[in-house]
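Residue numbers start from 1 in every chain, and the chains themselves are labelled A, B, ... in the order their sequence lines are given, proteins ahead of strands.
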There are 2 protein chains.
Amino acid sequence: MKSRTGRGGRAGRPGPLSQEAIVTAALRVLDDHGPDQLSMRRLARELSITPMALYHHVRDKHELLLLLLAYKSRSFPRPVLPDEPRERLLAAAQLLHDVLTECPFLDEVLASPDLLAVSALWVMEALLDAAVECGLTLEQAAQTHQAIWHYTVGVLMVRTTSRQHHAELSRPTRREQAFATLPPDTFPRLTSLAGRWAGLTTRDTHREGLQDIVDGLLDQHLAYRGGSA
Amino acid sequence: MKSRTGRGGRAGRPGPLSQEAIVTAALRVLDDHGPDQLSMRRLARELSITPMALYHHVRDKHELLLLLLAYKSRSFPRPVLPDEPRERLLAAAQLLHDVLTECPFLDEVLASPDLLAVSALWVMEALLDAAVECGLTLEQAAQTHQAIWHYTVGVLMVRTTSRQHHAELSRPTRREQAFATLPPDTFPRLTSLAGRWAGLTTRDTHREGLQDIVDGLLDQHLAYRGGSA
DNA sequence: ACCTGAACACCGTTCAAGT
DNA sequence: ACCTGAACACCGTTCAAGT
């Protein structure tokens, strides 16, 4: 049960060991057992090697996750973006979300300043460029990117966490339970929404929110254009 | 070194054990050693008890964190909000952020649908109410809340993660390193921003982003008011 | 150079037993 | 009822040794 014929798990890896072999094994773990199961130890088991053997090819788990992100973003279709700057900005922001949606394993490093995939930088470039062509300064474009980034991180984190919640056990959330037993005189809005809350928050509202947010960011920035230095 | 005089760590707890004693011990751990150090085992050590003793008073770690959130939001000053609905909505959203900023230990459950503190629900109620008084329907108000919530979660997660990064080691991030060595012809915007990136993203842009986002959400929703059913 | 074995320093939590 | 002891099933990673 510990050492098998040859080595290399169920897929039969030929060569010694490489970043490529590690990445493909990791993708296999992700497909078969989900993001939560992807650990250095689990991955080593999949490859029938010692956990420490991995550290000869990747610096740490963070780097492994970045390799996976790089792989995913390389294989992501690169669509033609709209000409109209405002639409292009929205499309780029949507794309940022869509690429990361394919990478649920990123959750533990999503908020890190060390998150980066060169193969995904074109999305960022497109977003900034569109913002500038909308009439923003470079600094304003960077701020717009940052606001969109924060929103995107929030959407992704909340989504995967609520997925986990529903996967593990489909009991009502604490929120719903609390809403149902609230004094209506002090919480009129919340009690009115109590029954509808689950339905309203389970829906995927990323796109709608993004649209409003993008419009807000552009309009506010453009309203003050030329106002200060 | 293992069992001391009496029990109860350095503070000397009198009674048997209670949620209250656990919470104050947890707050002590947080103050002295930071959110990362708050584990059930560490907390038990602080109280000079077995880790399992905790489970007689709180169901699991999640519940402990909610107790801490409840405590923090109870002791949070409850300011008078502006009369003007739009300003009130902004103030409530800002407050949501401010309360959670006092709870960096929440990070691991921030995105959970089971996150709730009754003592913080008035912020949510105020936010929804302000949105309705701005002219939105209840459903639109809920959507607005959700978009603001996602943005807030993103801001908080990114902030604490980047704090951790800087605390551990003040090396340049992968982003900065990559931006410095980018082909300028394919990445003109990013290369122009390369040097300024660190400065622009380290700044706390929550408030500015929030303002633009709130305006965007309200304007977009109000623009279509009465358009559909 | 590439990999193993053993260990370090942790996690949250279940289960059976003690008083 | 309240708490302990031992265990389960894990983590990421360092360090010294093997070939």
Whole-Å distance separating the [atom1] atom of [X] from the [atom2] atom of [N]:
| X | N | atom1 | atom2 | result |
| --- | --- | --- | --- | --- |
| A:D36 | C:dG12 | CG | P | 16 Å |
| A:L47 | C:dC2 | CG | C1' | 15 Å |
| A:L17 | D:dT19 | CG | P | 20 Å |
| B:M40 | D:dC8 | CE | P | 21 Å |
| B:L38 | C:dC11 | CG | P | 10 Å |
| A:R42 | D:dA9 | CZ | P | 15 Å |
| A:R45 | C:dT4 | CZ | C1' | 18 Å |
| A:E168 | C:dG12 | CD | C1' | 13 Å |

Practice task
State which residues pass salt bridge (Lys or Arg N to Asp or Glu O under 4.0 Å) with A:E208; sequence neighbours excluded, sorted by chain then number.
Solution key: A:R203

Problem - Nearest-Å distance once atom P is located in both C:dC8 and D:dA9 - result: 22 Å

Practice task
Take atom C1' in C:dC15 and the same atom in D:dC2, then report the distance between them in whole Å.
Solution key: 16 Å

Fill in the blank from the handout: Of the listed C:dC3, C:dG12, C:dT13, the closest approach to the B:P51 side chain comes from C:dT13

Exercise for the section: Identify the nucleotide, in any strand shown, that forms a Watson-Crick or G-U wobble pair with D:dA1, with both distances under 3.5 Å; if there is none, say none. Expected result: C:dT19

Practice task
Using Watson-Crick or G-U wobble geometry with both distances below 3.5 Å, tell me the partner of C:dG12, or none.
Solution key: D:dC8

Problem - Cation over ring face, A:R78 and A:W122, 6.0 Å, 45° - result: yes

Exercise for the section: State the OG1-CH2 distance between B:T144 and B:W149, to the nearest 0.5 angstrom. Expected result: 15.5 Å

Problem - Residue-level proximity of residues 52-64 of chain A to DNA chain C when a heavy atom falls under 4.0 Å - result: A:M52, A:A53, A:H56, A:H57

Handout entry: Any B:S39 side-chain nitrogen or oxygen under 4.0 Å from OP1 or OP2 of C:dC11
Key = yes

Fill in the blank from the handout: For B:D204, the side-chain contact (heavy atoms from CB on, under 4.5 Å) test, sequence neighbours excluded, returns B:R159, B:H206

